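Have a look at the structure below, then the notes.
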Amino acid sequence: MPPERPTAPAWWSNDRVGGVILIVIAGLVALDTTTLPIGTLARPGPGYAPLICALILAALGLLVALRRGGAPFSGLRWGEGRHAALILGAGAFAALALERIGFRLTTLAILVFLLGVVERRPPLAVAAVALAISFGGYYLFWNILRVPLPIGPFGI
Amino acid sequence: MIETLQNLALGFSVALSPHVLFYAVLGCIVGTLVGVLPGLGPLAGISLLLPLTFGLSPTTAIVLLAGIYYGAMYGGSTTSILMRIPGEAASVMTCVDGYAMTQKGRAGPALAIAALGSFVAGTLSVVALMLLAPPLAAFALRFGPPEYTALLLLGLIILAYMSSGAMPKTLAMATLGLVLGTIGIDAMSGFIRFTHGVTELGDGIGIVPVAVGLFGLSEILLTAGKDTPPQVYKPKLRELVPSGEDVRRSIAPTLRGSVLGFFIGIIPGSAHIISSFVSYGIEKRISKRPEEFGHGAVEGVAGPESANNAAASGAFVPMLALGVPSGPIPAVMMAALMIHGVAPGPLLMEQQPALVWGFIASMYVGNIVLLILNLPMVGLFVNLLRIPYSYLYPCIVVFCVIGVYAVNSSVVDVWIMIVTGAVGYFLRKLDFDMAPVVLGLILSPMLELSLRQSLAMSAGDYGIFLHRPIAATMLAAVVMLFVLSLWPLIRGGGDWRSRVGLDEKPG
Amino acid sequence: MLRTLTALALLGLVAAPATAQTYPDRPITLVAPFPPGGVADQVGRPLGAAMEKLLKQPVVLQNKPGAGGAVGMASVAQSRPDGYTLLVALSSISIIPEADKLFNRQPAYTMDQLAPVALLSADPTVMVVKADSPWKTVKDFVEDAKKRPGQIAYASSGVYGTLHVAMEMFAVAADIKLRHVPFSGGGPAVTALLGNNVQALASGPGPVLAQIKAGTMRPLAGWGDKRIPALPDVPTFKELGYKDVEFYIWAGLFAPKGTPAPAINTLREATKKAVDDPDFKKTMENQGSPISYLDAPEFQKFWDVDAARLAVAVKKIGKVE
């Protein structure tokens with residue numbers, strides 16, 4: 001999705017934003033290694049490899065940030081952002097709910113939410129797909145693969 | 001030679017009895033089913049289904065397990081191609097060009113080429129396994145930590161050829177993967193690094209949740225909310241079959257991938273995962289049309305898929321010839337053999353020829369059964385794409401969640417998938433490539449461990465890398481490749497290829 | 001078959017919590033704190049299959065790996081003590097809390113959160129060298145190691161892993177210094193010895209028996225109280241005068257502390273019968289780790305002694321720089 005190129009290159013290009021984020025990550029990692037013994041070149045300690053990686057990451061982040069040109073960050077369109085946030089929210093709900101209300105209720109809830117609320121599919125279709133996937137998925141894992149998936153209240 | 005043929009005839013007489021053949025087919029079907037589920041690969045498939053074999057005779061049990069194993073390998077590439085969801089780490093590279101082909105309406109040829117490539121690679125490497133196992137196994141054992149370090153460095157260098165993006169961005173993403181890979185208990189000292197109190201991160205960040213997040217989930221995040229929903233794909237029969245051109249372009253990558261994968265596969269450890277990455281890098285590097293890679297180049301499917309499959313068979317060389325559990329999958333297979341009363345050891349081939357050759361023959365049979373099963377299934381799978389995306393993606397999200405959860409029963413793994421999905425979405429908007437992150441994450445723990453093991457072996461003397469011929473040869477290749485990659489001007493096609501050939505079999 | 005299973009499972013799930021008469025009325029989960037295919041799987045899956053026949057309920061294995069096993073063990077330690085979540089643990093259950101102490105870490109679990117149900121197997125580790133090495137006996141090895149301290153390298157399954165602790169236990173008793181090269185598991189450690197990348201290895205008998213029989217590896221001594229039946233000519237360290245050098249790779253079944261006595265008793269009864277199950281027996285023997293069954297009280301005693309011995313060994317190893 002290359003956005004139309006503006007006449008003057010924007011200072012905050014995509015690369016610059018990405019590079020700066022990488023430098024910040026590298027900084028945080030480097031800071032975190034201070035709690036670990038670094039060791040020496042001949043006997044690297046647990047902090048050695050992470051520190052080296054962080055330094056390389058910072059250097060490469062700088063290189064990326066200094067790249068000239070490139071599409072401007074402000075030119076990115078986030079049209080699909082709302083959907084993305086909703087899907088991520090559903091995923092986060094799954095992670096929170098899975099071991100509390102069990103697999104079947106969790107997947108039922110996510111599917112009803114994504115199909116019914118986000119995508120506005122016909123209710124009958126939503127119910128059919130949600131029931132089939134959540135109960136069918138459970139059946140597949142538990143009865144065929146014998147993987148115990150979490151069970152919620154009332155044994156569902 | 002004649003003896004080998006006699007043995008093979010014995011093997012086939014075992015593998016082709018209707019009873020055994022039934023289990024081979026059953027195994028392939030179940031394996032495909034497991035492999036199609038995101039997150040569940042061959043390893044999980046075999047260990048989960050192992051109890052099913054408790055009541056069977058050793059031969060049928062092993063044939064069933066071999067079928068599950070091959071089926072899971074095939075199944076993994078199916079989801080990679082159709083939905084950009086890597087079933088396991090080794091099929092990450094298939095996601096790139098396989099899915100690009102799907103987006104161009106060429107899912108059928110991609111699936112067919114993947115199946116054919118896997119079949120050719122599987123068959124060739126079983127032949128190699130049969131003829132060369134004992135001498136190769138002895139060679140594979142010489143791969144200690146120093147050789148491993150050199151091999152992994154070679155894998156890192158391959159990165160430079162892997163991505164279509166700008167070099168600093170590719171390398172930055174790989175380094176990000178390396179950093180992620182240092183999370184968890186330090187294998188050499190017992191220190192816990194960067195877990196910030198989350199015990200579940202103690203064994204490090206799993207490759208599968210990250211791969212599913214960065215590739216599969218990020219793709220859904222990018223696609224689901226598009227103003228114009230992705231077009232429903234209605235394949236015609238003719239479009240399901242690869243064209244002559246596809247086949248012609250796939251032959252050389254498949255053969256190269258088979259040889260490369262087999263040799264990487266016999267090396268003990270988990271290096272077989274990188275075979276598909278290395279194959280992709282090489283194919284891209286020597287292709288006359290490198291610009292097509294990442295946009296649906298059929299070579300980018302054929303090479304990695306066959307390398308991946310050949311590596312899987314290669315991994316059985318040390319197990320069958322020496323009784324060494326040389327990697328996670330052979331270790332599970334060995335455990336399965338032992339449960340059925342067969343103790344794999346250096347004498348296995350002499351003492352239990354019917355079993356070993358039955359196993360080898362069942363690998364042939366498994367490959368053929370899968371090809372027969374999979375080619376007609378291409379049509380079925382491609383028809384999945386007829387489902388409107390608004391129905392398809394919520395189901396994919398759910399299956400990603402269960403698949404990732406089921407392997408380790410870990411909610412933390414689900415969180416990792418969601419977070420990496422969000423990160424992948426954002427980074428892909430900024431035009432960063434995701435494959436190098438996964439490769440970095442795979443290489444990081446192995447590289448650090450083998451480097452520090454080497455230094456522990458030598459009490460801190462780096463000379464260990466130069467005194468050992470295999471390691472020194474490979475390091476020389478690393479240096480040469482590095483210099484070459486810095487000098488784009490003197491990129492020559494032929495000499496580069498032969499040098500990579502050297503790495504695999506010095507001496 | 002599958003349908004009846006589902007029906008059973010669904011029926012069971014709605015029912016009230018366990019009582020003495022009804023336990024078990026729904027599926028039981030055995031947690032293996034290691035990845036699929038690990039050692040705990042090799043004991044847990046056949047055990048589950050054998051117990052299922054006796055308890056008339058599915059007994060399934062769930063892999064919950066992480067942090068060297070700490071994740072799975074902690075999850076069982078903290079789970080509801082109702083007899084439906086059990087743990088298949090190995091000797092490392094006693095090592096992890098000690099290693100945590102060494103690093104001043106909040107332990108993920110404590111051993112008194114878990115109640116032993118039964119010991120299933122206990123294999124003494126055995127010390128092996130390559131068959132072409134110059135050492136024929138432990139005496140040769142110790143003399144050579146004294147001549148060149150820190151030069152002989154051995155492989156282990158990981159730092160503070162069972163194979164590391166076993167070897168260091170011997171090294172301390174023999175007053176020698178060895179070079180430790182940790183690998184990521186027992187399999188890679190065996191491979192490293194075969195490939196001449198290290199010179200010695202402590203290993204469970206299962207993985208090396210075939211190598212010893214084929215003449216590629218030579219056993220020097222065993223860590224057991226008695227000689228290993230499959231290796232009757234190999235002396236124990238105790239016989240050689242290294243007392244207190246005793247180490248077993250064992251596997252046992254645990255329940256969370258506070259599990260009701262009726263449930264525990266049912267499980268003890270079931271395990272006692274399961275170890276006599278011919279399929280289970282054969283499976284364990286085939287894997288090279290024959291059953292050494294101990295019922296809960298004796299297992300508790302065995303565990304106490306073993307844990308104390310390991311605690312001393314881990315303290316002596318100290319913090320690896």
Side-chain angles (χ1 to χ4, degrees), chain A residues 14-15 17-19 22 25-26 29 32 36-37 40 42-47 49-50 53-54 56-57 60-61 63-64 67 71 73 76 78-84 87-88 90-92 94-95 98-99 103 107 110-111 114-115 118-119 121 125 129 133-134 137 141 144-149, chain B residues 30 33-34 37 40 48-49 51 166 168-169 171-172 175-176 178-179 182 186 188-191 193-194 217 220-227 390-391 393-395 397-399 401-402 405-406 409 411 414-415 417-418 421-422 425 427 429-432 444 447-448 451-452 455 459-462:
Chain A
N14 284 345
D15 286 351
V17 173
L22 291 176
I25 294 173
V29 173
D32 227 357
L36 299 168
T40 60
R43 286 190 151 270
C53 287
I56 298 176
L57 184 62
L60 288 167
L63 270 180
V64 173
R67 272 161 58 87
F73 185 65
L76 278 186
W78 299 89
E80 76 291 330
R82 195 185 74 93
H83 259 81
I87 296 169
L88 285 172
L98 203 54
E99 289 191 342
F103 168 77
T107 43
I110 307 178
L111 286 169
L114 287 178
L115 288 168
V118 179
E119 297 295 338
R121 295 291 110 190
V129 173
I133 297 276
S134 54
F141 272 85
I144 298 178
L145 300 179
R146 308 216 65 193
V147 175
L149 290 172
Chain B
V30 176
L33 184 75
V34 172
L37 291 168
L40 293 184
L48 292 177
L49 299 166
K169 293 174 86 170
L171 295 180
T175 318
L176 186 65
L178 291 175
V179 169
T182 61
D186 172 30
M188 295 294 289
S189 68
F191 273 92
R193 305 190 291 203
F194 315 137
L217 192 57
I220 292 174
L221 297 178
L222 283 169
T223 322
K226 275 199 180 145
D227 303 335
S390 56
Y391 283 101
Y393 86 80
C395 302
V397 171
V398 164
F399 275 104
V401 169
I402 335 174
Y405 175 85
S409 315
V411 171
V414 178
W415 279 116
M417 179 191 78
I418 292 163
Y425 165 70
L427 287 174
K429 293 282 282 188
L430 296 183
D431 215 15
F432 283 92
S444 173
L447 185 56
E448 188 191 357
L451 175 66
R452 287 168 68 191
L455 291 173
D461 179 8
Y462 278 83

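These figures come from a predicted structure and were not determined experimentally. Within every chain, numbering begins at 1; the chains are lettered A, B, ... in the order of the sequence lines, protein sequences first and strands thereafter.
For A/Ala94, the part lying near chain B is the side chain, with the backbone staying farther off; criterion is any non-hydrogen pair under 4.5 Å. B/Leu49 touches chain A through its side chain: at least one heavy atom from C-beta onward sits under 4.5 Å away, while N, CA, C and O do not. Contacts of B/Leu447 with chain A are absent, with no heavy-atom separation under 4.5 Å from either backbone or side chain. In this structure, the portion of B/Phe432 lying under 4.5 Å from any heavy atom of chain A is its side chain and not its backbone. Neither the backbone nor the side chain of B/Ser444 comes within contact range of chain A; no heavy atoms are under 4.5 Å apart. Looking at B/Leu33, the atoms closer than 4.5 Å to chain A (heavy atoms on both sides) all sit in the side chain, from C-beta outward. Contacts of B/Val30 with chain A are absent, with no heavy-atom separation under 4.5 Å from either backbone or side chain.
Of all the listed residues (A/Leu114, A/Thr107, A/Leu57), the one sharing the greatest number of non-hydrogen pairs under 4.5 Å with chain B is A/Leu57. For the set B/Gly225, B/Gly190, B/Ser409, B/Ala172, the count of heavy-atom pairs under 4.5 angstrom toward chain A peaks at B/Gly225. Among A/Val17, A/Leu36, A/Ile56, the residue making the largest number of heavy-atom pairs under 4.5 Å with chain B is A/Leu36. The greatest number of non-hydrogen atom pairs below 4.5 Å with chain B, out of A/Val118, A/Leu63, A/Leu98, A/Ile110, is found for A/Leu98. Contact count against chain B (heavy-atom pairs under 4.5 Å) is highest for A/Leu88 among A/Ile133, A/Val147, A/Leu149, A/Leu88. Per-residue heavy-atom pair counts under 4.5 Å with chain A were compared for B/Ile402, B/Val398, B/Val411, B/Val401, and the maximum is reached by B/Ile402.
B/Thr223 OG1 to A/Glu80 CD: the interatomic distance, rounded to the nearest 0.5 Å, is 8.5 Å. Distance check: A/Leu60 CG to B/Thr175 OG1 gives 4.5 Å after rounding to the nearest 0.5 Å. With rounding to the nearest 0.5 Å, the separation of NZ in B/Lys169 from CG in A/Asn14 is 7.0 Å.
Residue B/Ala224 comes nearest to A/Ile87 through the heavy atom pair CB-CD1, 3.6 Å, listed as atom of the first residue, atom of the second, then distance. Of all heavy-atom pairs spanning B/Glu448 and A/Pro46, the tightest one is OE2-O, 4.5 Å. Here the closest heavy-atom approach between residue B/Ala166 and residue A/Arg67 is recorded as CB-NH1, 3.0 Å. Contact record, B/Val179 with A/Cys53: CG2-CB, 3.6 Å, taken as the closest heavy-atom pair. Between A/Pro37 and B/Phe191, the shortest heavy-atom contact is CG-CZ, 3.6 Å. For the pair A/Ala92 and B/Ile418, the tightest heavy-atom approach, listed with the atom from each and the gap, is N-CD1, 3.6 Å.
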May I have the step-by-step check of side-chain contact (heavy atoms from CB on, under 4.5 Å) for A/Leu76 and B/Leu430, ending in yes or no?
CA-CA 8 Å; A/Leu76 278 186; B/Leu430 296 183; 3.8 Å; yes
Before giving the answer on side-chain contact (heavy atoms from CB on, under 4.5 Å), spell out for A/Glu99 and B/Tyr405 the whole-Å C-alpha distance, their side-chain angles and the decisive distance to 0.1 Å.
CA-CA 10 Å; A/Glu99 289 191 342; B/Tyr405 175 85; 2.8 Å; yes
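A/Arg82 pairs by the salt bridge (Lys or Arg N to Asp or Glu O under 4.0 Å) definition with nothing, not counting sequence neighbours. The side chain to side chain contact (heavy atoms under 4.5 Å, CB included) check on A/Glu119 picks up A/His83, A/Arg121, B/Ser390, B/Tyr393, with sequence neighbours excluded.
At least one side-chain heavy atom of B/Leu40 sits under 4.5 Å from a side-chain heavy atom of A/Phe141.
Side chain of A/Arg43 to main chain of B/Gly460: no donor-acceptor pair is present (N/O by atom type, distance under 3.5 Å, no hydrogens or angles).
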